[in-house]
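Letters A, B, ... mirror the listed sequences (proteins, then strands); counts begin at 1.
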Amino acid sequence: MADFFSAAPNGSFFGAVMLQASTQIGGARSVFVDLTGVKNDLTFPSWGGQLQNPFPVPARFFAGDLFELRYNEKGEDPKLFLLKTYEVKSMSDTTVKIYRDGYKHVPYVGEVLMKAPTKIGGTGKAYTITKVVEEMDSLDPVWNVTFNTAIDQCNDHDVLVEAVEENMSGSMLVKMINCVAPTDGDFVYMPTTGASTKSAAAKMFYTPTMHATMYIHKASPMPKCVLALNKSRFNGWFEV
Amino acid sequence: MKFEFKNSNYSAFWADQKALKTYVDTTPFLRTNFGFWKSQFDIDPELTPSSTRGDASFTIKSYIRKPSPLMDMVAPMGKGKALDREGLSAYSASIPHFIAPNFQETAMERLEKERMFDIYGDDTDLVIQWTRTVQEMVDSADQTLSNMSAQLLSTGEIDWKYGRGIKNFLYTANLPKENIIQAGTETWNSPSCKLLDQMAKIEKDFRFRLGLADSFPLKWQIPYDMFYNVFLTNAQVRQFIVDYRTNNQMATTEGFVLNEEMFRKVISAYYKQISPIEIIEEKQSDVYQGSVSGWKSGIAVLRPSGYAGVIKHTTHLEQFLFEKYGSKSISKVFSKVNNPLFTLINTSQDNGELQEWHTDLIMSAIPALDEVPYHLLVKTTESGSGTTTIGE
């Protein structure tokens, strides 16, 4: 995908150019629990917000992904954060193997991650990714991710989340869960981070929705601190 | 005859698109109160499409002219030297979306109103009350466009830092560096500033640099405060007027208060080295900051007469999605109000076992500057004859 779009915006060349690209359109998981009746799921809150942590690489978020739409104390001035989660397979010192398939968030170099704290918005060792390699770990496709310093020890199925900044005791970026993506979304453009920068790169504005019930196993991996916010009393369902 | 509410105009506004459209198109109660943008920008007759990737982007191209030199003298059969070809400057930006503070009414609120107004036998007061709310929304939208227009004209950029919703830098029109210049020998508010001479020099240099003939119509745009606090108190301007009056056997008292009329009669009529001056009056109300103004203070603009560009606008996902897959238990009536940029949405829906009504006004539009090489900003608070930056 990157091939066609990485070309300079204009130019001229008097040789022959041969181009080829191929793409796949992925499937989509039916993440929402099939409930019949008059529902009030997936309603839109005020304004939406600028996504503060877009992926700077071609990536995707999925229906059922969780967001924090953060307002000030008057319920105004919105900012939007995507809860990015990564499920660990194994860890050894500074390298962490993260499960990889078509329904996972993509880790990228420069991202600051930490082991999900016990409480949402909590703290832990947060460090920066310096290398991401796609590989197979026995039969499982994984991302082999190298950090600049070792994060807290993780075991199989532990979840990594994004942190505010690199720190011995860094805090989790997302402080609350209140919204959900009603559909998949693609990051096609290279983003600018920060609230109000004059850079020419892209800024993403999005309104996620309130209220939904999802199957936990079909949604992006959820750490315990997020599962603790589950409103559903059904095993296997997550209600936001 | 007792008035039957469900047959009233008021309730038809939520049920019948034609009734709503006819009313908002013909009512004398909906006006444009903040029309600054209309005086500076035309509405783009073309709709800018929204791409599936989420952006509604437009590109503005401007061709740069330069004065052509005098001829070279040759001996017969001598050939000339080719002119260099000029490029063009372009910028692209995307269209943002806005919503006005909206109107909501629950069933019990409506019933309460009905009872209050029942004694008059019709829905006139209800309609007028609702119309005034719509007027407030139209005012919000007009102010938003006016503010963005003033920002774009006076800085070449639009930074949205108002309202309760998202705040963000929207775009820069990428004015060439040499189009943002210093005030001249002295800052314009300096008492000894030879204001008229400095403006004349700036204009002459600008025309020469771009190869604009003297007859090419330009105009100066000066914000209201600058006109009254700087122009009308400037020593050279006052001396020019005193001299004019003295030479025409008109008395002038010392310390006379100069007004716009005297300025126009004398300076605009007899000081021909500067183009006509347009006084910019625009102010808006922000929920947080109170009275605000999009025009950057201390900036004077010299630009071609007429519109500075167009208002780019795009479709609303809200309308598209509802018309395609809207809920059967919710009815929405869409109507343009005042101009093709503002979309009024009347929604009626259930709330528990009763009904509830909403009115929203949305706009997906932004002004675009299509005279980029010919748009000159003068930072009047910074002396010197070089280029500068607008700053924060």
Of all pairs that satisfy side-chain hydrogen bond (donor to acceptor under 3.5 Å, both in side chains), the ones with a partner from residues 92-102 of chain B, not counting sequence neighbours: S57(B)-S94(B), H97(B)-S364(B), N102(B)-D360(B)
Identify which part of D350(B) has an atom lying under 4.5 Å from any heavy atom of chain A, answering side chain, backbone, both or neither. neither
Check each atom of Y171(B) against the heavy atoms of chain A and say whether the ones under 4.5 Å are side chain, backbone, both or neither. neither
Within 6.0 angstrom of [X] [atom1], more than 12 heavy atoms from elsewhere:
X	atom1	result
F320(B)	CZ	no
D34(A)	CG	no
K119(A)	NZ	no
E46(B)	CD	no
K175(A)	NZ	yes

So, taking the atom named [atom1] in [X] and the one named [atom2] in [Y], what distance separates them when rounded to the nearest 0.5 Å?
X	Y	atom1	atom2	value
D55(B)	F205(A)	CG	CZ	12.0 Å
T207(A)	L317(B)	OG1	CG	9.0 Å
Q50(A)	N168(B)	CD	CG	4.5 Å

Mind checking ring-ring contact (aromatic ring centres under 6.0 Å, His included) for F342(B) and listing every partner two or more places apart, or none if nothing turns up? none
Would F169(B) and K203(A) count as a side-chain contact (heavy atoms from CB on, under 4.5 Å) if you check the C-alpha gap in whole Å, the side-chain angles of each, and the deciding distance to 0.1 Å? CA-CA 10 Å; F169(B) 183 78; K203(A) 289 173 267 193; 3.9 Å; yes
Looking only at G165(B), A93(B), S329(B), most heavy-atom pairs under 4.5 Å shared with chain A are made by G165(B)
Is D186(A) salt-bridged to R53(B), cutoff N-O under 4.0 Å? no
Specify which of Y189(A), Y71(A), W47(A), Y206(A) makes the most heavy-atom pairs with chain B at under 4.5 Å. W47(A)
Any side-chain heavy-atom pair from R164(B) and D77(A) closer than 4.5 angstrom? no
Region of N40(A) in contact with chain B, defined by heavy-atom distances below 4.5 Å: neither
